[in-house]
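Chain letters run A, B, ... following the sequence lines, proteins first, then strands; residues in each count from 1. All values below were derived from every heavy atom in this structure, side-chain atoms included, with hydrogens, water molecules and symmetry-related copies excluded. Please read these numbers as outputs of a predicted model, since none were measured by experiment.
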2 protein chains.
Amino acid sequence: MYLSQPLATMGSRAPRSTDTVYARLKQHILDNRYPPGAQILESEVAAALNASRTPVREAFVRLQQEGLLEIVPRHGVRISALSPDDMREIYEVLMSLEPTAVELLAARRPDRTELESLITSCDAMEAALAGEPDLQAWAAADEAFHLNLARLCGNKRLAAMIMQVWDQAHRARMFTLSLRPLPVRSTEEHRAVLDAILAGDVERARSIYHAHRKRGGNELTTIIEKHGIQRL
Amino acid sequence: MYLSQPLATMGSRAPRSTDTVYARLKQHILDNRYPPGAQILESEVAAALNASRTPVREAFVRLQQEGLLEIVPRHGVRISALSPDDMREIYEVLMSLEPTAVELLAARRPDRTELESLITSCDAMEAALAGEPDLQAWAAADEAFHLNLARLCGNKRLAAMIMQVWDQAHRARMFTLSLRPLPVRSTEEHRAVLDAILAGDVERARSIYHAHRKRGGNELTTIIEKHGIQRL
DNA sequence: GCATCCAATAATGTATACGTTAATCGATGC
DNA sequence: GCATCGATTAACGTATACATTATTGGATGC
């Protein structure tokens with residue numbers, strides 16, 4: 001056996017500028033460094049990320065399709081801002097897709113090994129609330145739980161769709177994190193879903209999860225209304 | 001009041017090359033002119049559509065995110081081919097999203113005027129089967145019904161997701177159209193869903209639709225297995 | 001003083017040029 | 001005769017140049 005390419009690049013082809021621009025832009029948006037409603041020019045991003053406009057434009061196209069920004073012809077892009085109506089849409093989608101994902105996963109009768117990432121996330125959520133609450137840590141564990149659930153369901157399309165709307169709502173979730181009551185109930189529900197999956201109880205897993213999502217949506221809607229938030 | 005731009009271009013800014021390339025490429029793929037598995041070069045498309053590589057690349061990115069093709073670095077693109085497993089994924093997604101769309105629509109208590117496009121499609125499906133069956137016409141009406149249902153549900157994200165997977169499955173549906181029994185039952189189910197929506201019976205609408213989708217998925221799966229189809 | 005027009009400018013949309021990578025094919029050495 | 005190496009080539013990935021369009025500010029005419 002011989003090498004078909006130089007050792008230096010084996011398995012690690014040079015990363016494309018397009019990909020790094022995409023990743024960094026997305027990170028900036030999710031981290032609220034480019035806040036919702038912000039107008040950005042191609043040349044700004046190109047200069048900031050040390051690339052030419054070509055890869056920046058390709059990254060814009062991808063991010064637009066993911067709903068994180070909007071290309072305004074002749075005017076660069078505008079970072080998407082979520083209205084209360086957008087939040088309703090997102091939660092309706094999640095209430096449809098996520099219970100399905102849970103159902104598919106539970107139906108496969110996975111063992112504890114397969115569910116290790118979920119167990120870890122559950123533990124982390126509980127740990128984040130024991131003693132002095134650490135909301136950032138809790139949110140990270142919550143996110144990990146849901147994304148891993150999507151990944152484990154055995155349907156790549158379903159998983160991609162869940163992650164896409166989850167990303168769209170990321171900033172809103174972070175923003176409202178400190179405005180909502182301590183997520184004790186939410187943490188319990190995660191554990192209950194996990195138990196139902198392990199028990200192979202498809203219907204129970206689905207219904208708990210659906211209720212969990214519905215409660216979360218209502219909670220968020222209440223907060224948004226109470227604070228009169230229009231865009232986030 | 002005066003004109004802010006020449007009359008000739010009022011409301012109709014010059015269409016971007018990117019958009020026409022995207023639309024024509026997508027049409028080609030859905031029409032099976034670029035068959036699944038086909039490898040295409042940027043320069044081929046650029047030459048065929050009389051554009052430069054830049055807009056072609058942007059169209060590729062959009063179509064990749066829609067799942068209609070895959071960008072193979074340094075090797076152009078490959079038109080996506082659906083495996084039986086992909087079909088399973090698509091039907092799982094549709095079985096999750098479409099009943100939700102129906103539920104949302106029915107809950108709004110729409111009147112006959114609002115549902116006109118659905119009524120028209122139902123009529124067209126029945127007409128296509130009365131007398132000498134016209135499968136092409138039936139399929140077009142079926143597609144119109146489902147896409148309009150998605151549009152009417154009041155959730156743009158949900159609608160976009162439904163249309164996306166529907167597009168992915170378009171060729172497969174066309175291909176199996178003549179292999180399946182006459183869609184008499186399917187046509188009746190559409191009418192039943194429509195009646196349930198008009199009656200404002202949310203739960204009945206959802207359950208009929210879910211059953212409809214499930215039966216359709218099983219039917220397709222059976223056909224795929226029976227004919228030993230691996231990619232389409 | 002106000003509206004209109006024009007010119008300058010800035011940013012996008014598209015084309016093209018350049019550099020890099022990977023594959024192919026022939027030559028060479030064992 | 002086979003494997004390996006190298007050169008050629010073809011295609012992509014990126015940068016840049018050019019064309020197009022929309023906006024803005026100032027000048028002009030009424």
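- As judged by a 4.0 angstrom heavy-atom cut-off over every strand, Thr54(B) is placed among the base-contacting residues.
- Side-chain N/O atoms of Asp123(B) and Thr120(B) include no donor and acceptor closer than 3.5 Å.
- If you measure from atom CD of Glu58(A) to atom C1' of dG13(D), you get 8 Å, rounded to the nearest angstrom.
- Of the listed nucleotides (dA11(C), dT14(C), dT14(D)), dT14(C) has the atom at the smallest distance from the side chain of Ser52(B).
- Counting only N and O atoms by type, the side chains of Thr221(A) and Asn218(A) include no donor and acceptor under 3.5 Å apart.
- Taking side-chain N and O atoms only, His75(B) has a distance below 4.0 Å to OP1 or OP2 of dA23(C).
- Remark: C1' of dT9(C) and CG of Leu41(A) are 14 Å apart, rounded to the nearest angstrom.
- We find that Lys156(B) and Asp86(A) are not joined by a salt bridge, their nearest charged nitrogen and carboxylate oxygen being 4.0 Å or further apart.
- Contact between the side-chain N/O atoms of Arg74(A) and the OP1/OP2 oxygens of dA22(D) is not found at any separation under 4.0 Å.
- Closest-nucleotide positions on DNA chain D for Arg53(A) and Thr18(A) were compared, and the one nearer the 5' end corresponds to Thr18(A).
- Separating the CZ atom of Arg57(A) from the C1' atom of dA15(D) is a distance of 14 Å, rounded to the nearest angstrom.
- In this entry the distance linking CZ of Arg62(B) with C1' of dG13(C) reads 14 Å, nearest Å.
- Distance CZ (Phe60(B)) to C1' (dT14(C)): 16 Å, rounded to an integer number of Å.
- Counted within 6.0 Å of CD on Glu116(B), heavy atoms from surrounding residues, nucleotides or ligands total 12 or fewer; the atom is thus considered open.
- Between the P atom of dT14(C) and the CG atom of Asn50(B) lies a distance of 13 Å, rounded to the nearest Å.
- dT12(C) atom C1' lies 16 Å from atom CG of Leu69(A), rounded to whole Å.
- Between Ser43(A) and dA10(C), a side-chain N or O to OP1/OP2 separation shorter than 4.0 Å is absent.
- Under the 30°/60° scheme for interplanar angles, the aromatic rings of His146(B) and Trp166(B) are found to lie parallel.
- When distances run from any side-chain atom of Glu42(A) to the nucleotides dG13(C), dT16(C), dC12(D), the shortest one goes to dG13(C).
- Taking atom CZ of Arg16(A) as the reference point, atom C1' of dG19(C) lies 17 Å away to the nearest angstrom.
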